[in-house]
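Heavy-atom basis, side chains included; hydrogens, waters and symmetry copies ignored. Letters A, B, ... are given to chains in the order of the sequence lines, protein chains preceding strands, and every chain is numbered from 1.
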Amino acid sequence: MLDSVTHSTFLSNTMVCDPLMSWTELFGTTEDGYPTCDHQTARDKACVRAGGINGQECHSHGRTNLQSSHLWEFVRDLLLSPEENGGILEWEDRGQGIFRVVKSEALAKMWGQRKKNDRMTYEKLSRALRYYYKTGILERVDRRLVYKFGKNAHGWQENKI
DNA sequence: CCTCACTTTCCTGCTT
DNA sequence: AAAGCAGGAAAGTGAG
């Protein structure tokens with residue numbers, strides 16, 4: 001199985017400036033029950049208006065906002081903010097836009113959280129990703145949990161923004 | 001209210 | 001055997 005990967009992917013903390021809720025809040029106690037959705041605290045944080053994140057970006061890219069309405073943008077933004085993705089996603093080949101879903105369940109939970117849908121699963125999320133093959137947002141990669149941005153995807157390259 | 005694009009849900013079968 | 005992958009089909013949603 002050579003997990004390889006994850007040198008220090010133990011979500012140690014990395015939550016230096018969580019844009020959404022904290023990791024513990026997400027996984028610490030919620031296996032699948034999900035009493036999560038508090039009322040306001042967590043919700044408010046998740047509702048920070050896009051671009052309204054008062055320049056609180058951590059170091060690195062000035063893009064710490066996961067408010068994207070579309071799945072592929074959400075994935076892209078997560079990929080672009082390593083501080084927040086806690087090792088969920090990882091670039092396989094940054095130059096070619098190839099990335100791997102390291103923690104499928106976590107990704108599904110995050111997406112579900114974004115859409116306020118606690119029934120989200122990787123099975124379902126991946127179905128949505130598969131539809132992107134038709135529109136050129138993503139390209140198929142013959143490897144488990146590996147995807148590649150297609151010609152119609154934008155904003156994932158370091159230089160081009 | 002309707003349409004459209006995107007997403008979710010469910011399913012059957014196949015592959016790793 | 002469990003987890004992914006493939007897509008078809010159909011229902012749900014939000015924007016316009």
Side-chain angles (χ1 to χ4, degrees), chain A residues 1-11 18-21 23 25-40 42-53 63-82 84-157 160-161:
Chain A
M1 314 285 175
L2 56 114
D3 296 8
S4 60
V5 209
T6 66
H7 348 286
S8 55
T9 322
F10 287 173
L11 353 148
D18 63 317
L20 301 175
M21 38 193 70
W23 213 246
E25 201 173 340
L26 234 186
F27 304 96
T29 52
T30 322
E31 308 315 342
D32 52 300
Y34 89 83
T36 26
C37 254
D38 300 340
H39 331 316
Q40 310 175 287
R43 190 139 173 294
D44 280 349
K45 285 186 181 180
C47 288
V48 205
R49 274 251 31 85
I53 297 183
R63 182 180 334 192
T64 313
N65 125 47
L66 305 172
Q67 312 309 305
S68 343
S69 57
H70 293 147
L71 176 56
W72 76 270
E73 297 175 307
F74 176 79
V75 168
R76 175 199 64 191
D77 294 345
L78 205 46
L79 219 30
L80 260 31
S81 9
E84 293 92 50
N85 83 19
I88 285 182
L89 294 169
E90 195 172 271
W91 285 109
E92 188 100 326
D93 186 322
R94 182 67 192 269
Q96 290 193 72
I98 300 174
F99 60 94
R100 179 176 62 243
V101 177
V102 182
K103 303 176 191 306
S104 56
E105 275 184 87
L107 177 63
K109 270 179 182 167
M110 271 220 138
W111 174 237
Q113 169 194 299
R114 169 68 184 69
K115 297 289 290 293
K116 300 194 185 346
N117 172 2
D118 47 292
R119 283 94 53 198
M120 185 47 61
T121 64
Y122 178 70
E123 265 311 300
K124 292 185 283 190
L125 183 156
S126 63
R127 180 68 188 91
L129 290 180
R130 269 176 249 132
Y131 272 126
Y132 285 136
Y133 294 147
K134 284 201 301 186
T135 55
I137 294 293
L138 290 181
E139 280 176 29
R140 193 164 287 145
V141 172
D142 171 37
R143 266 183 284 155
R144 280 195 149 196
L145 301 169
V146 178
Y147 298 85
K148 178 182 195 294
F149 286 119
K151 299 210 161 187
N152 294 325
H154 57 266
W156 56 270
Q157 297 179 83
K160 281 193 246 175
I161 298 184

Measure the distance from [atom1] on [X] to [atom2] on [N] and round it to the nearest whole Å.
{"X": "A:Q113", "N": "B:dT7", "atom1": "CD", "atom2": "C1'", "value": "18 Å"}
{"X": "A:K103", "N": "C:dA3", "atom1": "NZ", "atom2": "C1'", "value": "16 Å"}
{"X": "A:Y122", "N": "C:dC5", "atom1": "OH", "atom2": "C1'", "value": "8 Å"}
{"X": "A:L138", "N": "B:dT7", "atom1": "CG", "atom2": "C1'", "value": "14 Å"}
{"X": "A:R100", "N": "C:dC5", "atom1": "CZ", "atom2": "P", "value": "12 Å"}
{"X": "A:R143", "N": "C:dC5", "atom1": "CZ", "atom2": "P", "value": "12 Å"}
{"X": "A:L107", "N": "C:dA3", "atom1": "CG", "atom2": "C1'", "value": "15 Å"}
{"X": "A:K115", "N": "B:dA5", "atom1": "NZ", "atom2": "P", "value": "17 Å"}

Parallel under 30°, tilted from 30 to 60°, perpendicular over 60°: which one fits the rings of A:W72 and A:H154?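 The rings of A:W72 and A:H154 stand perpendicular, inter-plane angle above 60°.
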What class does the angle between the rings of A:F149 and A:F99 fall in, given that below 30° is parallel, 30 to 60° is tilted and above 60° is perpendicular?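 Tilted.
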Heavy atoms from C-beta onward define the side chain here; which of C:dC5, B:dT8, B:dC6 lies closest to that of A:H70?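 Closest nucleotide to the A:H70 side chain: B:dC6.
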From the set B:dT9, B:dT8, C:dC5, return the single nucleotide nearest to any side-chain atom of A:S126.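 Within the option list, the nearest is C:dC5.
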Roughly how far apart are [X] [atom1] and [Y] [atom2], rounded to 0.5 Å?
{"X": "A:L145", "Y": "A:E92", "atom1": "CG", "atom2": "CD", "value": "10.5 Å"}
{"X": "A:I88", "Y": "A:W111", "atom1": "CD1", "atom2": "CH2", "value": "13.5 Å"}
{"X": "A:Q113", "Y": "A:M120", "atom1": "CD", "atom2": "CE", "value": "12.5 Å"}
{"X": "A:R144", "Y": "A:R100", "atom1": "CZ", "atom2": "CZ", "value": "13.5 Å"}
{"X": "A:Q96", "Y": "A:E139", "atom1": "CD", "atom2": "CD", "value": "9.0 Å"}

Report the residue (A:W72 or A:R144) whose heavy-atom-nearest nucleotide on DNA chain B is the more 5′ of the two.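 Here A:W72 is the residue nearer the 5' end.
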At under 4.0 Å between heavy atoms, which parts of nucleotides 6-16 of chain C does protein reach? Answer with one letter per nucleotide, 5' to 3': B base, S sugar-phosphate only, - none. BBBBB------
Once you apply a heavy-atom cut-off of 4.0 Å, does A:L125 come out as touching a base, just sugar-phosphate, or nothing?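 Nothing, no heavy atom under 4.0 Å.
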Residue-phosphate contact under 4.0 Å: A:K124 side-chain N/O, B:dT9 OP1/OP2: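 For B:dT9, OP1 or OP2 has a side-chain N or O of A:K124 closer than 4.0 Å.
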Taking only side-chain N and O atoms of A:S104, does any of them lie within less than 4.0 angstrom of OP1 or OP2 on C:dG4?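 So the side-chain polar atoms of A:S104 do come within 4.0 Å of the phosphate oxygens OP1 or OP2 of C:dG4, strictly under.
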Any side-chain heavy atom of A:H70 sitting closer than 4.5 Å to one from A:Y132?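 Touching, per the 4.5 Å side-chain cut-off.
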Is there a side-chain contact between A:V101 and A:L89, using heavy atoms and a 4.5 Å cut-off?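 Counting from C-beta outward, A:V101 and A:L89 do come under 4.5 Å.
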Requiring both pairing distances under 3.5 angstrom, list the stems that contain DNA chain C and are made of three or more consecutive Watson-Crick or G-U pairs.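 So the stems come out as B:2-16 with C:2-16.
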